[in-house]
Student: 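Sharing a structure below in structure tokens format, with a few things to ask.
Side-chain atoms are counted along with the backbone in the values below, which use heavy atoms only and exclude waters and symmetry mates. Reminder, nothing fancy here: chain letters follow the sequence lines and each chain counts from 1.
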Amino acid sequence: MTATPVSSTPRPDGSAGPARARVLRGVAAAVGRRVAAAAAVMLGAATTAFIALHLLPGDPVAIILGPSTMASPEVRAQIRLDLGLDQPLIMQYLRYLGRLLQGDLGDSYQLQQPVSALIGDQLRPTVELALAAIVVAVVLAVASAVATAGRRPGLRALANLWELVAVSTPSFWLGILLLTAFSFRVELFPVAGADGFSALVLPALTLGLPVAGILGQVLREGLETALEQPFATTARARGLSQTAVRLRHALRHAAVPLVTLSGWLTGTLLGGAVLVEKVFARPGIGALTLQAVSSRDMPVVMGVVLLSALVFVVISTAVDLLYLAIDPRLRAEGGGRGAQPDQNHEEPAPEMNKAGMKGAQA
Amino acid sequence: MSDPSGAPAPAALAPVPPASVPPVHSSQAPGAVIATDVPSAASPPTDVPGAASLPTDVPSAASLPTDGPSTAARPDVPTDDPLLVVEGLSVTFDARSARPVQAVRDVSFTLRRGECLAIVGESGSGKSVTARTLVGLTGARATVSARRLGFAGRDLIRLREASWRRVRGRHIGLVLQDALVSLDPLRTAGAEIAEALRTHRVVDRAGVHSRVLSLLTDVGVPEPAQRAAQYPHQLSGGLRQRALIASALAAGPELLVADEPTTALDVTVQAQVLDLLRGLTAAGRSVLLISHDLAVVAGLADQVAVMYGGLVVEQGPTAAVLADPRHPYTQALLAAVPAMHAKGTRLSITPVDRPPATAGCPYAARCPRSDERCRAELPPAAGDEPAHRTLCWHPGPPAAVTAPVTAPVAAAVVPVAGTGRPGRGADAGPLVEVTAINQRFRSPDGSWRHAVRDVSFELFAGETLGVVGESGSGKTTVARIVLGMQAPDSGTVRFAGAPWSGLRERERRALRPRIQAVYQDPLGSFDPRFTTEKIIGEALGAAGVRRGQQRRDRVVDLLERVGLAPGLRRRRPPELSGGQRQRVAIARALATEPELLVCDEPVSALDVSVQAQILDLLAGLQHDLGVAMLFISHDLGVIHHISDRLVVMKDGLVVETGPVGQVFAQPAQEYTRTLLAAVPRPDLT
């Protein structure tokens, strides 16, 4: 006996098995689609980098040999032959793609080392810094937002203030201030370098604090929206404390914009790391990029471009998967919020119809 | 008050001056709180954390269930002592600001164990705020004061937040309107129910799951194991409302506060949920039911309190209030229900748009009987029987103007619904001809779902064709196909004798002004940044009325046509009430002088009193303008009231069709009979 008229699709009757299998199929299809999309993005990035390299004025051989070389035309021709620069462009492109597939990013013009090795050496400190910064940011933002969302106005204003200050302080200035306070005055942390955890603290704070400010603002707004929803009232009417409602119910709703923004910010942290790496004299991708760009070391620049494309692809895929984990309504097959077929439009939009009318009378 | 022995009524409605009680703020002095947190000196302070593993901080713990809601096993509790006593409850929002809003004023009632009290009133009457007060969730902006807020022998008005938490869910449960958003959409139904069990530690950890399943079974959810694992959006409206009720009942509260628990539901589902609530009272639980619709509560409530402008204007045993309503507002509410006998009459008596008066009787602004005294002075609660009290200077049976049944004069003078004139265009053939349309959609799981199957009907100029059915019956799809928003998979729609459904959009666009739509949710169909003038003006532009004074005059005409003051043309949709918005939507639809209005659930989101006004407005417009209507609703009362002919739909099929009177008097199909039986009718009690 179905208690109600079948309102939408015939529900999976019987055990929970078929339903779960269908969910799994849906998840597998979604993952498959995203991997394919990621591959397309990487191909696009590689192609763009290749075209950019060949559109740039200047002869790569001249860059390789440096400004003060006396190399003979024969030597130049030999280098050209070695690099395959004499072949048609399409052949160069295919060879380049083929090498990419094997993980070969070419050699640096300046340092005469494989680009993959160069990036590999510098990657670890930067990734450490970026991850530490985003952890700092998310933890601070969650703490600040959960503690202040929908609470006393004074508390909110205070949180708003620190977030605004954090967002609007340039990171190099923040870094210098932190160094002055915690390395020179109170000798808590090392001034420079990338050895060990203590060397990570100040750079991570410098990079993470502004991000925490942005995330805190977004998260508080999300929390306050969620706390106004009827389910929050229902949860409190069940006997939950304010904090429990925030942590168990509202936070998950507010997490969707948080995840979107953190994903994007994590990607940009790679770029943002340049300044911080300079201030704290840390090795890293930022320093490498700076050097490669200023010396027109194109293989290295292309490698960094591909790396950041890869980082963004990985992060946005992770973000998309996190959406599915957070919001079961998005797990409906077909990608959209397809769980509500248009016929259900007959059901009144509930918040609207009460809140809207209340608002009008106030 | 419901004491049948006629004993002196408790102080529920006694007009005691409400000034003696200091308002209670959340920022109460801590010392005072501690002193008053314990109900009485005699009862031991079980409030101490860790003192008891069970949340038994109510003195009469022996009579309170400590082991969940197996309702059948609940022993009969003594009924001499009312469970809930509210005396002189007032709630003010923004009390210290320049413009405080008094949402609830001096409200008093009592509720006995095993009884149901219904609080009825329209939006803004203070009924929901009263409900929230009983769970201590009025919010930080509210100041609550009361002479007494007694629950099971303790005074709730003095509770601190920590003690409230032990009352909420455990002793007083709350059910809100729509479970789609009242249950956390990101959590499974089972998790929500389990949360209530864990919060109050009703059962030990290992027993939580099996208790969740038994709770779901108790509220009539089939296949509880599977349903518990589903999310609200995966459950049908009725099932998730049951799950919501199960979550409120999980910790075994003695009192269930249900705020519009059936408003978003189809009639048959509504009947089932009301049955479920009735079963709760039969098992000894008390239910406080909040609704805007007297008809809904009629079959369930023992007592009714009618609220208006924050005041209880009439209160008494349900049968007495329904049979002998004394307050003009109660009478207006009853008349507004489109009941069977009211067809061919106007439903609304007084304009609803006027806000409650601030001085004197709040209803005076709308009341046909109001005089100088009403506007100046608030009447005391009075009544010849102690149990049935009315807050009115001129109580009594409805005057002639409010007697729709016995007033054929009124029916003759004013245009009324359901008397369309199919004769006008009959010679020229039907205005709309729908022939064997089919429409199917791809379901999320990849299978095809037939939304509309072989639907055929004709609609003649100037008449109203009602389409009735439950959610998912395909009514809205039919409306979209008639509007030309969607091409049917097969079948044809002809409009005014010419093809309509097969046209290319470019050809159809020239004809679109002749068919206009009114939807359920006008707010969603307006640009919130447009003023009313711009909203209607845009439609006028489509009809060829260009800028300037001419357009403004036309906007004012249309606003007056739908009963709105011209001054509203500068307002934006969020600044309008629900009824005003729907009027603007109708004015916009009329701007192009259409021959057909497609109304898709136009009154479903409105209070009954506003609904009555809109139905009367549509009927009057049809009479004056001769516009035909395709009127879609899930509400049989509304359909009966407004339609000339009727199409009953189920699962995409037309189940029954015919003149309204005939279908309602002699339904040929079992499904139609089921629908009719589920309609709550106040006149049946």
Student: Indicate the atoms forming the closest heavy-atom contact of A/Asp327 with B/Leu186, along with that distance.
Tutor: OD1-CD2, 3.2 Å
Student: Can you find a pair of side-chain heavy atoms, one from A/Phe231 and one from B/Ser182, that are under 4.5 Å apart?
Tutor: no
Student: Non-hydrogen atoms of chain A under 4.5 Å away: do they reach the side chain of B/Arg571, the backbone, both or neither?
Tutor: neither
Student: Please check: side-chain N/O of B/Thr199 versus main-chain N/O of A/Leu240, any donor-acceptor pairing under 3.5 Å?
Tutor: no
Student: Applying side chain to side chain donor-acceptor pair (under 3.5 Å), name anything that partners B/Ser525, two or more places apart in sequence or on another chain.
Tutor: B/Arg588
Student: Tabulate, in ascending numerical order, the residues of residues 208-225 of chain A having at least one heavy atom closer than 4.5 Å to a heavy atom of chain B, or enter 'none'.
Tutor: none
Student: Side chains of A/Pro230 and B/Gln177: does their closest heavy-atom pair fall under 4.5 Å?
Tutor: no
Student: Which residue out of B/Thr188, B/Leu176, B/Leu244 racks up the most heavy-atom pairs below 4.5 Å with chain A?
Tutor: B/Leu176
Student: So do the side chains of B/Asp184 and A/His253 get within less than 4.5 Å of each other, counting heavy atoms only?
Tutor: yes
Student: For a 4.5 angstrom cut-off between non-hydrogen side-chain atoms, does B/Leu174 reach A/Thr234?
Tutor: no
Student: Heavy-atom distances under 4.5 Å only: say whether A/Arg248 touches chain B with side chain, backbone, both or neither.
Tutor: both
Student: Which bit of B/Leu183 is near chain A, if near means a heavy-atom gap under 4.5 Å: side chain, backbone, both or neither?
Tutor: both
Student: What residue, out of B/Pro185, B/Ala248, B/Ser247, has the most heavy-atom pairs lying under 4.5 Å from chain A?
Tutor: B/Pro185
Student: Salt bridge (charged side-chain N to carboxylate O under 4.0 Å, His left out) with B/Arg187: which residues, sequence neighbours excluded?
Tutor: B/Glu192, B/Glu195
Student: Please give me the minimum heavy-atom distance between B/His233 and A/Arg329, naming the atom from each residue.
Tutor: ND1-CG, 3.1 Å
Student: Testing the basics here: between B/Ala196 and A/Arg238, what is the closest heavy-atom pair and its distance to 0.1 Å?
Tutor: CB-CG, 3.3 Å
Student: Taking only residues two or more places apart in sequence, or in another chain, which ones meet B/Asp635 in a salt bridge (charged side-chain N to carboxylate O under 4.0 Å, His left out)?
Tutor: none
